[in-house]
Amino acid sequence: MRHLDLFALVLACLLTLTACGGETAEGTVDPENPPPYPPFTSKNATLQCVDGLYIALPMEYSGLLYLDSAFPDAGESWKPLISVFEKNSYEAAMEDFGGGGGFLFGLLVMDQAAFEQHISAGSPGIEVFATDGERYYAYTFPTDVQFYRPGLSGSNLLDHPDWETWERLCEIGPLVREDFLTRNNLQSFDVQDFLNQQADGEDYLCVRYYPYFVQDGDTHDYYQLLLRQPATQGEGGLWAVEQWLDEYGTPSLYFPDSGKPAAEYYAELQEQCNVGEHPELLTPLGAADAFVKEYFGHKTYDISFETAREINQDYMEQNQRLQEMVSAVMFDKDIDQRELLECAGNASADNWGVLDRNLYGSDWFAPLMEALAEAAVGEDQQWRDTMVYQCLLSTWHSKKDFHTPLETILQTQKEVDPDAFAAATAPKEPGRSPDRH
């Protein structure tokens, strides 16, 4: 099973943890005249040295801030450097609740293994922005408003006389982050570039996993597992899932939660495979099965998996498009009739199966049939007939009774324009697509 929930919990605790020994500074600030930064200089900022790194904070705001750089429970792999709070909120929340208020931003450092787990978890409130070639540096921030005054909540906080100052304090973090990067000679790091590189599927082997096959034999809904040989290439090299895509194409990177960088972990695992251990990892299907059992905790059969020539991008995109369209119909949103017909007409049996499972218990079927009936007659009648007819064919073996309402719609279309209907429903030559205008 995954350990990411625990990882996220530790992150949340570290972001709000304040140990005894945090420091405060005295001073005042005129909200109408904010200090002149960036860049920070010795004249307008104070320096904090933490773990051999320098963090500059604007001197003019020092009396309003509570700084914490003492994290006794942090390990070397994942180490907060500083957490910055609005002093009044921090002290009031500490008195009333024992903590949990005033957090503005923080900085932390992580090694390769921790960085990989962060990428896997997609932890909120944290942004990796720099590296020194070995470690990664992250900017942490609250995911909700941390401004606190006793007895006030919601919109009442906006009327408090300190709210304007709070908003100014919220602008400090990005400036401190940029100063930290340049002051410590770090390299800028763009996580998206890293994700794009990892998501390059050209040299992946794709395995489809049917998560509901054991439950009810369903093969409409499948995940696409992308595997590589991370250590030895070719015969004898182990296979590993490096990312997976759900039925809507949402990508999830995977790194083993071993406390080691993935490259080191797989190198050691390859050595074990070389002496006959873990034979299941020497085939893509065996590695996919091992991943699913560990990551999802699912029971599987051999036929829960099959290899594919390539990622089925159309399947994922059409699943998303169909669900969005049907949801719009359910909530009476304005939709374009041609877009509705094209979406329904191009959906496959797999797409309808995914929709039916994920909207199980929702009243989506009747509104969709009504919307299709309203869109069935109009300009480009042959094309409209084609879309409804293709929808009928793709739902022919569905558990829902698509036949009755769709055949009624088709009968209406036939009466409106028999020639167009005959052309739309005539058998097509192999390899030819239906005419579309």
Side-chain angles (χ1 to χ4, degrees), residues 14-71 74 78-91 101-111 115 125-142 145-148 161-193:
L14 290 177
L15 290 180
T16 57
L17 176 64
T18 54
C20 295
E23 53 185 289
T24 61
E26 299 301 326
T28 59
V29 62
D30 179 2
E32 300 299 325
N33 297 289
Y37 58 80
F40 294 132
T41 69
S42 59
K43 294 182 178 179
N44 66 10
T46 59
L47 288 181
Q48 305 290 322
C49 184
V50 183
D51 198 33
L53 298 160
Y54 290 98
I55 304 170
L57 294 166
M59 191 180 301
E60 293 294 329
Y61 286 95
S62 58
L64 302 177
L65 302 178
Y66 180 93
L67 314 180
D68 185 15
S69 58
F71 302 92
W78 180 278
K79 181 188 296 184
L81 298 174
I82 194 169
S83 290
V84 179
F85 300 80
E86 193 250 351
K87 181 181 177 182
N88 288 339
S89 290
Y90 172 83
E91 292 179 345
F103 180 60
L104 293 167
F105 67 92
L107 296 169
L108 65 81
V109 60
M110 63 185 82
D111 64 14
F115 169 72
I126 177 170
E127 178 185 345
V128 177
F129 69 96
T131 181
D132 59 14
E134 295 182 359
R135 303 193 299 176
Y136 299 85
Y137 299 87
Y139 173 74
T140 60
F141 53 92
V145 176
Q146 294 278 304
F147 181 67
Y148 176 72
D162 291 343
W163 178 257
E164 183 178 350
T165 299
W166 167 263
E167 289 184 314
R168 291 189 180 279
L169 294 179
C170 289
E171 298 173 357
I172 296 175
L175 301 172
V176 172
R177 177 186 63 194
E178 293 305 310
D179 180 272
F180 177 81
L181 186 150
T182 56
R183 187 178 296 274
N184 294 286
N185 296 315
L186 303 175
Q187 306 167 31
S188 294
F189 184 82
D190 189 335
V191 173
Q192 191 58 54
D193 289 343

V191 and V128: which non-hydrogen atoms are nearest, and at how many Å? CG2-O, 3.5 Å
Taking the side chain as everything from C-beta on, heavy atoms only, tell me whether F40 gets closer than 4.5 Å to R183. yes
For Q187, does the CD atom have more than 12 heavy-atom neighbours from other residues, nucleotides or ligands under 6.0 Å away? yes
Between Y54 and D179, a side-chain donor and acceptor under 3.5 Å: no
Do L107 and V50 have side chains that approach each other closer than 4.5 Å (heavy atoms only, starting at C-beta)? no
The reported gap from OG1 in T131 to CE in M110 (rounded to nearest 0.5 angstrom) is 10.5 Å
Which of F189, F129, F180 passes ring pair (Phe, Tyr, Trp, His ring centres under 6.0 Å) with Y137? It is F180
Between G101 and F85, the two heavy atoms sitting closest are O-CD2, 3.5 Å
For a 4.5 angstrom cut-off between non-hydrogen side-chain atoms, does R168 reach L64? no
For the atom pair OH (Y139) and CD (E127), what is the distance rounded to the nearest 0.5 Å? 8.5 Å
Show, in sequence, the C-alpha distance, side-chain angles and deciding distance for Q146 and W166, and conclude whether the side chain to side chain contact (heavy atoms under 4.5 Å, CB included) test is met. CA-CA 10 Å; Q146 294 278 304; W166 167 263; 3.9 Å; yes
Residue of the set T140, I172, L169 for which side chain to side chain contact (heavy atoms under 4.5 Å, CB included) holds with L104: L169
Gap between atom CG of L47 and atom CG of L53 - 0.5 Å precision: 12.0 Å
Can you tell me how the ring of W163 sits relative to the ring of F147, calling it parallel under 30°, perpendicular over 60° and tilted otherwise? perpendicular
Heavy-atom nearest pair, N44 first then T41, reads OD1-N, 2.8 Å
CG of L65 to OG1 of T46: how many Å apart, nearest 0.5 Å? 9.0 Å
When you measure from the side chain of D132 to the backbone of R135, do you find a donor-acceptor pair of N or O atoms at a distance under 3.5 Å? yes
How many angstroms lie between atom CD of Q48 and atom CG of L81, to the nearest 0.5 angstrom? 12.0 Å
How close do P80 and L108 get, heavy atom to heavy atom, and via which atoms? CA-CB, 3.6 Å
Measuring from atom CD1 of I82 to atom CG of D51, what distance do you get when rounded to the nearest 0.5 angstrom? 12.5 Å
Restricting to non-hydrogen atoms, name the atom on F141 and the atom on I126 that form the minimum distance, rounded to 0.1 Å. CE2-N, 3.7 Å
